[in-house]
Amino acid sequence: SRKRLEKQPDTKQLISRLSHGMKHLIIFVKFNDRSYYITTPIFYVNASPHLGHLYSAVLADCLHRYKLLQGFNSKFATGTDEHGLKIQQAAEAAGKDPMTFCTGVSKQFRHLFDSCNISYTDYIRTTEQRHREAVEHFWSVLWNKGLIYKGSYEGWYSTQDESFLMPSQVGDALDSLGKEIKVSLESGHKVEWMKEENYMFRLSAFQSPLLDWLRGNPQVVQPDRFHQVVLKWLQEDLPDLSVSRQRSRLQWGIPVPGDDEQTIYVWLDALVNYLTVAGYPDKHNQWWHVARHVIGKDILKFHAIYWPAFLLGAGLPLPRVIHVHSHWTVGGKKMSKSLGNVVNPLDRSQIFTADGMRYFLLRQGVPDSDCDYTDNKVAKLLNAELADSLGGLLNRCTAPALNPAQVYPSFCSQSFPREQGGRAVGEDYLMLDAVKNLPAVVEKHYETMHVYKALEAINACVRLTNGFVQRHAPWKLDRKDSEDQRWLDTIIHISLECLRIYGTLLQPVVPETSNKLLSRLGVQPHERSSAALNFLPRYQGMDCPFEGRALGSDCGVLFSRLENQNADKQKPTKTKKSANFK
Ligand SMILES: Nc1ncnc2c1ncn2[C@@H]1O[C@H](COP(=O)(O)OP(=O)(O)OP(=O)(O)O)[C@@H](O)[C@H]1O
């Protein structure tokens, strides 16, 4: 890494001006600037995973893969949250001891993530010893600083949400038997009045530091809509937070250090997982201050208020960014374990393929607003964009009828000069511009986790390239005419260059499909990073390393088409290649 950094022009310049001791400092700073630590929430194992969980994981995986593509050093953690009353109850209902129950569900999550190519670098379980040690240490730091005190909590509590509520957050409702109950206005879950002696965290002391942090870092909670929500919460009362439960009510958790009568509150326990993975308490410096959390909007308060307050209390840096996403709904209702209206992501990834599900979730999921799931939407989208549009383009440009030599053909600058005058028309120049600018557009959207916008932009360019091929109908050109042949080669060269850019940019979203595409083009693994995103160098008067190179072997259809929209009952089938190019 040091060698790589020293080669960068800006570092090199600085180093040449500095004394020996300072060189190490600069290298250290650069190294950390180029590091990312990305996390998903750890998932609560009171029931099997659903599509919403996969969505959080796919979003974070996309960012992690993109950062690796750009040459960053990226660590990516996910895992399972295994303590708390709900798990104690779920294990009891299943007739299992809690640990056996947790191990079973945790494996299901891991299997799902492995099946969908979630490339996590650490999978944490909160029942691991390394985590227990981190939580105990973290608690002791807060305790020693006088930020935790023994007190008495009295107020509304939702077991379902494992959270405490202010009176303003509670409303009236009727249960299934018509009995009047109190519910959380946010989640709709039942709440109960709770009064017990436990440990309190001085959350109220952090109201003003939290406001300063949010105001001084307007990009810290993204999208901005959620940043504003947190600011609004912080303008209301912020009472101290109960951070333990009486052991008699909750046994399944980490005991409070020095007090076996109390169990640490599940959210404090769970949030510390991010530190555990970073190496807390003694090896977290390299990763902790470059942390970025990807979370669903349902757990915003825990991540944007409680967590930063705990971290400030413990004297640790705060996360760089909290990326928030909205929810998948079914018939307009949040998909959730407790409502039971869940879509099984493993089943769906078998029907639509792992890449198919990844593409759908990232193309249709919008961070700012909820999105309703149906199988038909998935089939329609994948057929239109991956099978027909992208797959069709690759098929056209690599089919033996148009490309009998199976090579990356030559570009002819007389046919496509930089100034209009050859055989290219105005729209062709516009397409070239759009594809040239695409990497910058995609980078901006990947960076802010508006992946759907990046995919929209890529898809628009794929359509432009298909339009380019259609407009010039290379299959109608006369191969015996040398000028026609040169123009034909140029059309294919440009189209393959477009495909190379699309394949490279799509790697974080659909790794298997991109690999297939780039392999078919003959692009080697070391030629697939962001540094290789220089589009059409021959048009700029530079050499193109691919020109004249043999294409990779034909491994069949890029993405199989789903024959009809009734996706529930079907498996993917082989698509028919376009009749023109057989
Ligand atoms: N419907 C959903 N859409 C998008 N993401 C979701 C959805 N449900 C859960 N998630 C993701 O999973 C995280 C943890 O969710 P959790 O384990 O509480 O699932 P849940 O189905 O909401 O459970 P419960 O019904 O018990 O509240 C959320 O913060 C979010 O990141």
Side-chain angles (χ1 to χ4, degrees), residues 38-63 77-91 93 102 105-106 108-109 112-113 116 118 120 124-126 158-163 165 183-184 186-191 221-222 226 229 266-267 269-271 273-274 292-304 306-307 322-345 348 357-358 360-362 364-374 449 451-452:
I38 299 159
T39 72
T40 70
I42 45 168
F43 300 99
Y44 207 50
V45 292
N46 60 333
S48 306
H50 63 65
L51 197 85
H53 304 130
L54 179 61
Y55 180 51
S56 292
V58 167
L59 265 174
D61 186 48
C62 177
L63 182 61
T78 188
T80 44
D81 176 7
E82 307 192 0
H83 289 135
L85 198 56
K86 279 200 282 181
I87 286 164
Q88 191 174 304
Q89 289 165 347
C102 290
V105 185
S106 182
Q108 285 182 35
F109 274 91
L112 168 69
F113 295 159
C116 292
I118 304 299
Y120 54 83
I124 181 166
R125 298 182 55 189
T126 53
S158 160
T159 305
Q160 202 61 39
D161 302 329
E162 308 262 18
S163 72
L165 292 111
V183 293
S184 154
E186 203 178 311
S187 68
H189 292 141
K190 189 176 164 193
V191 299
V221 179
Q222 297 181 17
F226 296 109
V229 169
V266 63
W267 265 105
D269 168 350
L271 288 162
N273 94 84
Y274 302 130
R292 286 165 183 254
H293 302 310
V294 175
I295 58 159
K297 64 180 180 182
D298 49 328
I299 51 177
L300 180 58
K301 188 173 286 168
F302 301 99
H303 284 79
Y306 298 171
W307 183 224
I322 301 173
H323 294 283
V324 188
H325 65 75
S326 293
H327 288 147
W328 286 92
T329 56
V330 179
K333 279 215 161 83
K334 181 195 174 219
M335 187 185 300
S336 107
K337 286 174 292 192
S338 38
L339 289 178
N341 59 343
V342 298
V343 172
N344 181 333
R348 293 313 188 277
M357 275 327 283
R358 292 173 64 104
F360 172 77
L361 290 172
L362 294 172
Q364 292 280 297
V366 179
D368 291 89
S369 50
D370 293 349
C371 188
D372 213 50
Y373 178 88
T374 67
M449 298 235 122
V451 184
Y452 76 101

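Counting starts at 1 for both ligands and their atoms, in listed order. Side-chain atoms are counted along with the backbone in the values below, which use heavy atoms only and exclude waters and symmetry mates.
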Task: Polar side-chain atom of His50 near backbone of Gly52 as donor-acceptor pair, under 3.5 Å - done: yes
TODO: Determine the interplanar angle of the Trp307 and His293 rings, folded into 0 to 90°, and report it as parallel if under 30°, tilted if 30 to 60°, perpendicular if over 60°.
DONE: tilted
Task: Which of the ligand 1 atoms, numbered from 1, are nearer than 4.0 Å to a heavy atom of Pro41 - done: 31 (O)
Task: Side-chain (Ser184) to main-chain (His189) donor-acceptor, under 3.5 angstrom - done: no
Task: Protein heavy-atom partner closest to atom 22 (O) of ligand 1 - residue, atom, separation in Å - done: Lys334 NZ, 2.4 Å
Open item on the list: Measuring from atom 1 (N) of ligand 1, which candidate in Lys297, Lys337, Met335, His325 has the nearest non-hydrogen atom?
Closed with: Met335
Task: atom 11 (C) of ligand 1: the protein heavy-atom neighbour that sits closest, reported with distance to 0.1 Å - done: Ser56 OG, 3.5 Å
TODO: Spell out, as yes or no, whether a donor-acceptor pair under 3.5 Å connects the side chain of Asn273 to the backbone of Arg125.
DONE: no
TODO: Under 4.0 Å from a heavy atom of Asp298: give me the atoms of ligand 1 that qualify, with their elements.
DONE: 28 (C), 29 (O), 30 (C)
Task: Min N/O separation Gly296 to ligand 1 under 3.5 Å - done: yes
TODO: Under 4.0 Å from a heavy atom of Ser326: give me the atoms of ligand 1 that qualify, with their elements.
DONE: 4 (C)
Task: Residue part near ligand 1, for Ala47, under 4.0 Å between non-hydrogen atoms - done: neither
TODO: Flag Tyr55 as yes when one of its N or O atoms lies below 3.5 Å from any N or O atom of ligand 1, and as no otherwise.
DONE: no
- [ ] Measure the distance from atom 9 (C) of ligand 1 to every protein heavy atom, then report the residue, atom name and distance (to 0.1 Å) of the closest one.
- [x] His50 CE1, 3.7 Å
- [ ] Could you tell me which atoms of ligand 1, counted from 1 in the order shown, lie closer than 4.0 angstrom to a heavy atom of Gly52?
- [x] 2 (C), 3 (N), 4 (C), 5 (N), 6 (C), 7 (C), 10 (N), 11 (C)
Open item on the list: Tell me if a side-chain donor or acceptor on Asp61 pairs with a main-chain N or O of Tyr120 at a distance below 3.5 Å.
Closed with: no
- [ ] Do me a favour and list the nearest non-hydrogen protein atom to atom 3 (N) of ligand 1 with residue, atom name and distance?
- [x] Trp328 N, 2.9 Å
TODO: Kindly say whether Ile42 contributes a backbone atom to a donor-acceptor pair with the side chain of Thr80 at under 3.5 angstrom?
DONE: no
- [ ] Give the numbers and elements of all ligand 1 atoms closer than 4.0 Å to a heavy atom of Lys86.
- [x] 26 (O)
Task: Check: His83 main-chain N/O paired with Tyr44 side-chain donor or acceptor under 3.5 Å - done: yes
Open item on the list: Counting non-hydrogen protein atoms only, what is the nearest one to atom 12 (O) of ligand 1? Give residue, atom name and distance.
Closed with: His53 CD2, 3.1 Å
- [ ] Nearest 0.5 Å please: distance from the CG atom of Leu361 over to the CG atom of Leu54.
- [x] 5.5 Å
- [ ] Kindly compute the distance separating CG (Leu51) from OH (Tyr373), expressed to the nearest 0.5 Å.
- [x] 6.0 Å
Task: Donor-acceptor contact present, side-chain Asp370 to main-chain Ser326, <3.5 Å - done: no
Task: Shortest protein heavy-atom distance from atom 27 (O) of ligand 1, along with the residue and atom involved - done: Ser338 OG, 4.0 Å
